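Take a look at the structure below.
Computed from a predicted model, the values in this text were never measured in an experiment. Each ligand, and each atom within it, is numbered from 1 in the order the structure gives. Nothing fancy with the numbering, it's 1 onward along the sequence.
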Amino acid sequence: MINQALIQVKDLCKNFGDLQVLKGINEEIHKGEVVSIIGPSGSGKSTFLRCLNLLEEPTSGQVIFEGVDIAAKNLNIDKHRQKIGMVFQHFNVFPHLTVLENITITPTLEKGVSKAEATEMGMRLLKKVGLESKADEYPRKLSGGQKQRLAIVRAMAMEPDVMLFDEPTSALDPEMVKDVFGGNQRSGG
Ligand SMILES: Nc1ncnc2c1ncn2[C@@H]1O[C@H](COP(=O)(O)OP(=O)(O)OP(=O)(O)O)[C@@H](O)[C@H]1O
């Protein structure tokens, strides 16, 4: 299909008990777009992102990813999640693995990439974000911004179709985002 949206969100609602957090969201996101979701604390930004990879189950509505409804019974949710890189609010890097191992572990375990190939890709990604000299350090020795960059390249190592950042955009260095991802930027409230 020509110009099909990568992600289509249709009338998405999410309640936690009596609390209505998402009240009928409609949105389309296309390949190459960089979209920011802006809103007050507690307004549902994380909940929205988590609905996109079914970390939260929507109360109603649909999320269509690459033309497939992610709630479809026959959808392989693990395969779906592999296509979506997620950078969590507190970066969630593995403290017991080195910086390089943080990047190589998932592609080798989940995608069958060889250790040598994963290492080569890991070093390439670390170079891209200026962390190649930290490859053999443990994350506790990294600054907050460096941990963030590690979390980003770790997600990118799975070569996802989409990257979701569940963190304040103010914490993201716009130049770095542009450099690493390119793409068109768009903000949505
Ligand atoms: N698992 C849950 N159970 C019950 N309530 C929840 C749950 N997760 C989130 N909420 C509530 O849903 C609302 C939206 O939370 P969410 O984390 O999506 O907000 P946010 O916009 O990402 O906030 P912040 O900017 O502070 O990170 C909040 O009132 C929160 O307390």
**OP:** Let me see the working for E117 and M121 under side chain to side chain contact (heavy atoms under 4.5 Å, CB included), right down to the final yes or no.
**Re:** CA-CA 6 Å; E117 216 179 315; M121 172 170 60; over 6 Å; no
Subject >> Within-shell test, G39 vs ligand 1, heavy atom, strictly < 4.0 Å >> reply: no
**OP:** Answer whether the closest heavy-atom distance between the side chains of L125 and M156 falls below 4.5 Å.
**Re:** yes
Original post:
Between D166 and ligand 1, which part of the residue brings a heavy atom under 4.0 Å of the ligand: side chain, backbone, both or neither?
Top reply: neither
**OP:** Please write down residue, atom name and distance for the protein heavy atom closest to atom 27 (O) of ligand 1.
**Re:** Q89 NE2, 3.1 Å
Original post:
Right, does atom 31 (O) of ligand 1 have protein non-hydrogen atoms nearer than 4.0 Å?
Top reply: no
Original post:
Are more than 12 heavy atoms from other residues, nucleotides or ligands located less than 6.0 Å from atom NZ of K111?
Top reply: yes
Original post:
Side-chain contact, heavy-atom cut-off 4.5 Å: K14 with R50?
Top reply: no
Original post:
Nearest protein heavy-atom contact for atom 9 (C) of ligand 1: which residue, which atom, what distance?
Top reply: F16 CE1, 3.5 Å
Original post:
To the nearest 0.1 Å, how far is atom 17 (O) of ligand 1 from its closest protein heavy atom, and which atom is that?
Top reply: S46 CB, 3.6 Å
Subject >> From CA spacing to verdict: side chain to side chain contact (heavy atoms under 4.5 Å, CB included), H80, L54 >> reply: CA-CA 9 Å; H80 169 68; L54 276 191; 5.7 Å; no
Original post:
Is there a heavy atom in P40 that sits closer than 4.0 Å to ligand 1?
Top reply: yes
Original post:
Which residue supplies the protein heavy atom nearest to atom 25 (O) of ligand 1, what is that atom called, and how far is it?
Top reply: K45 NZ, 2.7 Å
Original post:
Hey, mind stepping through T59 and N15 against side-chain hydrogen bond (donor to acceptor under 3.5 Å, both in side chains) and telling me if it holds?
Top reply: CA-CA 6 Å; T59 303; N15 305 341; 4.5 Å; no
**OP:** Take D78 and E110, measure what side chain to side chain contact (heavy atoms under 4.5 Å, CB included) needs, and give me the verdict at the end.
**Re:** CA-CA 10 Å; D78 293 329; E110 285 190 20; over 6 Å; no
Original post:
Do you know which two heavy atoms are closest between I70 and C51, and how far apart they sit?
Top reply: CD1-O, 3.5 Å
Subject >> Residue and atom name of the nearest protein heavy atom (relative to atom 14 (C) of ligand 1), distance in Å to one decimal >> reply: G42 O, 3.2 Å
Subject >> Atom indices of ligand 1, in the order listed, that fall short of 4.0 Å to a heavy atom of L19 >> reply: 11 (C), 12 (O), 29 (O)
Original post:
What do you think, any protein heavy atom under 4.0 angstrom from atom 2 (C) of ligand 1?
Top reply: yes
Subject >> Shortest protein heavy-atom distance from atom 26 (O) of ligand 1, along with the residue and atom involved >> reply: S41 OG, 2.6 Å
Original post:
Which atoms from ligand 1 have a heavy atom of V21 less than 4.0 Å away?
Top reply: 12 (O), 13 (C), 14 (C)
**OP:** Quick one: look at T47 and ligand 1, take heavy-atom pairs under 4.0 Å, and tell me if it's side chain, backbone, both or neither.
**Re:** both
**OP:** Quick one: do Q148 and F165 satisfy side chain to side chain contact (heavy atoms under 4.5 Å, CB included)? Show the steps, please.
**Re:** CA-CA 10 Å; Q148 178 192 42; F165 294 83; over 6 Å; no
